[in-house]
Structure formats: structure tokens, C-alpha cells
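Scroll down for the structure; my scribbles are underneath it.
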Amino acid sequence: MTSPDLRIDGERLLDSLGRLAQIGMTSEGACCRLALTDEDRAGRDLVTGWMRESGLQVHIDPIGNIFGVRPGRENLAAVMTGSHIDTVRTGGRYDGNLGVLGGLEVVRTLNAAGVTTRRPLVVAVFTNEEGARFQPDMLGSLVYAGGLTLDDAYATRSVDGKLLGEELDRIGYRGDAAMPFCRPEAFVELHIEQGPVLDIEGGLIGAVGDLQGISWQEITITGQSNHAGTTPMRLRHDAGYCAGAIAHFVRQIARDMGGSQVGTTGAIQLHPNLINVIAARAMITVDLRNTDEDLLKESERRLDAFISALADEEGVSISSRRLARFEPVRFDAQVTDLITRTAARLGMDCRPMTSGAGHDAQMMARLCPTAMIFVPSVKGISHNPAEHTDPEHLTAGANVLLHTLMDLTER
């Protein structure tokens, strides 16, 4: 049995986070390791090297997911933890990375204490969680959970025109491990909140019980290019105006529905993109999220009806392409309760939470009992070089992960 006083080495965890953050570091201080780029390969090489140094057996599956296995005393279903190390173009140093390196720190701590758990322990690194280069997001864990075929994943084309399968080969991370590598007994993901609740309202640990559903669309508007000064307003077919109207309506949907409904227009492109020319074409992305599937569908219906009416009113054609669609997820109550009790036993404040962001845990929930541990994000900032979590909070979250995993691996 392990000592209840066992703790991770916070300085070692911070050093690992700092060293990984140097890979893909930009002049503005952001971390830029888009999935399957050279920077992603360098990050993978660093992490797999640390896994091997810690005695883990490293396996890579055909979608590039990485699994570091620490054998248990018995040949039972493993307990898994982990996250991702790919980033958005302007990422911070903790998003995803804390979940991977926190899991690695658990292994190092158990090694130093001479502890062998009953069940095997697996630390996972999932491919393309962010969806910043290849869509959908959570692609590696989605394939792992059986929600997307390998062939469809390999045929996915990146924002820079590359095929995912070819990029996996190029960086040397198309593995041959079984798919799925294992069906875990349980999965627990440690993550920064990426929102302001813990930081503003107080609390050190979030026990995440559910996760919002996500609907992503890319909407293309085709109007007519014309002179900005000579074309009367009543005779315009302005794709730029339509893009703005959609963006405004997305905000209105969230205001009208209230509750957990949120809506975002994250990208807008106009053509020809000139100050004195009415836009002939526009592309706009829409991100709708809700914790309730019926309400998420309602937000989608409202948007569809508005777009149809807008096309008729403005004499434009509007088409949409689905980029991602995931239903809300409710995590396992027993694992969530274990996180809450573990935090209390360690003397830490803990509160129940909903995740507004997508995570690999939502895909793993299709396979096994799953939950997440959140630690505060200062001012709720993430996907930003200013992303920050205080060192003591990072350490606290890793300690809750340690003891939660210790409990699960002994069951």
C-alpha cells in the first residue's frame, strides 16, 4: 500500500512543463506546436524519451496516439491518464501539457517510492486534440474510441493542404499498436480549467461532472462584388454584410437562450477584401455549445432558420459545412466523487464543475468510466501566451491525480 503522505515533486513537474514549452516557442512567448508539424514531432520525441527514462513501455498506434505503460502486479485492465501536447498557434504552456506531464510525474513519484500498483498504469498522448491544423478536434481520441475510421482520419486535409496520413508518416509517428491499444478500467484527465470560475469564485480543484456539446460549422456566402460608392444599398448582394449579420445573430442566440448556451464566430474571411469593394464571398465559422443536447439542437435550428431567411432577403447563396459535432457528455459519477473525496482527504477545496471546452476525456468516456480534474486558470485566459496557473495549483492538481490514480489502480 502507498503512503497517504506521498506527494509529487512540484519542481520537477514545473521543469518538465518549462522544457516542453521551449519547443515551438514564438518570439511573443506563445507555444506553437500544431499537430504533426516538426515542432509536434520534437515535442513527441522529448516526451517519449522521458517515458522511456521512467521505465515505461512506449507504444504508438496507427493514428499516432502514444501510450506509456507501467506494468502492474496483476494482468488486469489498466487505468489510463493523459491528454495532448499539440497546441493552437498562440497556445500557452499548460493546456494539454499538464495532463500528460502530470501523468508522467505520477509515474516518477511511484518509481521513487518503490510502489507497484495492482493494475497497470498508462500515460497517454493523443493526436490532434486542438483541431487547429486538422479537423475535427479530439481527432486522435475520437479514432481511438471508434468514432472515426482510420481511413477517414488519414484522408483529412489540414488547413495548409497536407493529408493527415502523409504527415504522420513524415514525422515518423504512424505506429502499429492495436487500435484501440487497450480498453481502460478508468480514465482521468488533469487539465487547467481554461475558464474563470475557479479563479474568480474561489476553489483549488474542480471535479468535472459533465462537458458541453459542441457544434462547429463553416458557412460560405456568395454574393456579388460591386463598387462601394455607386451601388445603392437596396441593390446590393453583400456577402460581407451577411457574415456580420450571422455573427451578430450567433451572439443573440446565446443571449436569448441563456443558461449554458454560448456562441462564437472565430474566423471571418472576405473576398476580395478591399475597402472600396462590396464583398463577393465570405466565409465565417460558427461554434455553438450547450450542456443539453436538446438545447444545442435548438440553437442549431435557430441559426439554420436565420441563414435561410437572410439568403432570401439579401439575394445571396449560403452553404454550410459541418466541421465537428459532439453531443454533451456526462462523466462517471463514481470517478467524479472519488476526485472530490481525494481532494478533501488532501485538505483541498473542491467544487463540482462543467467543462466548456472539449477534451480527450469526452471521447474516452465512450469506452470506460471517465472524469476530469481542473485547476484554476488565472483570469480564465487560455489559448494565449498569457495563460497561467500558479505553481502551487499545478502541484495540487497533480497530487489529486496521483492519489485518484492510486485508488483506481488498486481496485
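Atom set for the values below is all heavy atoms of this structure, side chains included, hydrogens, waters and symmetry mates excluded. The structure displayed is predicted, hence computed values, not measured ones.
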Check this for me, if you would: do [X] and [Y] make a salt bridge, where the nitrogen-to-carboxylate-oxygen distance has to be below 4.0 angstrom?
X: K379; Y: D199; result: no
X: R170; Y: E167; result: yes
X: R12; Y: E105; result: yes
X: R351; Y: E193; result: no
X: R119; Y: E185; result: yes
X: E166; Y: R174; result: no
X: R41; Y: D38; result: yes
X: R321; Y: E218; result: yes
X: D5; Y: R7; result: no
X: R33; Y: E130; result: no

- Message: Please determine whether side-chain contact (heavy atoms from CB on, under 4.5 Å) holds for the pair E410 and T117, giving the CA-CA distance in whole Å, both sets of side-chain angles, and the decisive distance to 0.1 Å.
- Response: CA-CA 6 Å; E410 291 303 318; T117 56; 3.8 Å; yes

- Query: Within the side chain of T404, is there an N or O that forms a donor-acceptor pair under 3.5 Å with the backbone of V400?
  - Reply: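 Side chain of T404 to backbone of V400: a pair is present.
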
- Item | Flag, side chain of N65 to backbone of T127, donor-acceptor distance under 3.5 Å |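 A pair under 3.5 Å: yes.
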
- Item | Atom pair CD1 (I307) and CD1 (I246), whose distance is rounded to the nearest 0.5 Å |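 Nearest 0.5 Å value for the CD1-CD1 distance: 4.5 Å.
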
Listed pairs under 3.5 Å, donor-acceptor, residues 47-60 side chains, sequence neighbours left out:
from : atom 1 : to  : atom 2 : distance (Å)
T48  : OG1    : R44 : O      : 2.8
T48  : OG1    : D45 : O      : 3.2
S54  : OG     : W50 : O      : 3.0

Over all atoms of both residues, closest heavy-atom pair of [X] and [Y]:
X: P184; Y: M364; value: CG-CE, 3.9 Å
X: L139; Y: A153; value: CD2-CB, 4.1 Å
X: G24; Y: E39; value: CA-CG, 4.0 Å
X: L13; Y: A398; value: CD2-CB, 3.9 Å

- If you look only at pairs with a residue in residues 252-310, which of them pass as a ring pair (Phe, Tyr, Trp, His ring centres under 6.0 Å), with sequence neighbours excluded?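 Found F249-F306.
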
- Pairs in or reaching into residues 365-392: which pass ring pair (Phe, Tyr, Trp, His ring centres under 6.0 Å), with residues at least two apart or in two chains?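 Counting only pairs at least two positions apart or across chains, the ring pair (Phe, Tyr, Trp, His ring centres under 6.0 Å) contacts touching residues 365-392 are H359-F374.
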
Please determine whether the number of non-hydrogen atoms from other residues, nucleotides or ligands lying under 6.0 Å from atom [atom1] of [X] exceeds 12.
X: R411; atom1: CZ; answer: yes
X: R366; atom1: CZ; answer: yes
X: E11; atom1: CD; answer: no
X: Y241; atom1: OH; answer: no
X: D160; atom1: CG; answer: yes

- Query: Is the distance between the ring centroids of F67 and Y144 less than 6.0 Å?
  - Reply: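 Yes; Y144 has its ring centre under 6.0 Å from that of F67.
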
- Residue pair R133 / K162, side-chain heavy-atom distance below 4.5 Å: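 Contact flag for R133/K162 side chains = yes.
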
- Step-by-step salt bridge (charged side-chain N to carboxylate O under 4.0 Å, His left out) determination, E293 to R330: CA-CA 11 Å; E293 173 66 8; R330 184 163 295 279; over 6 Å; no

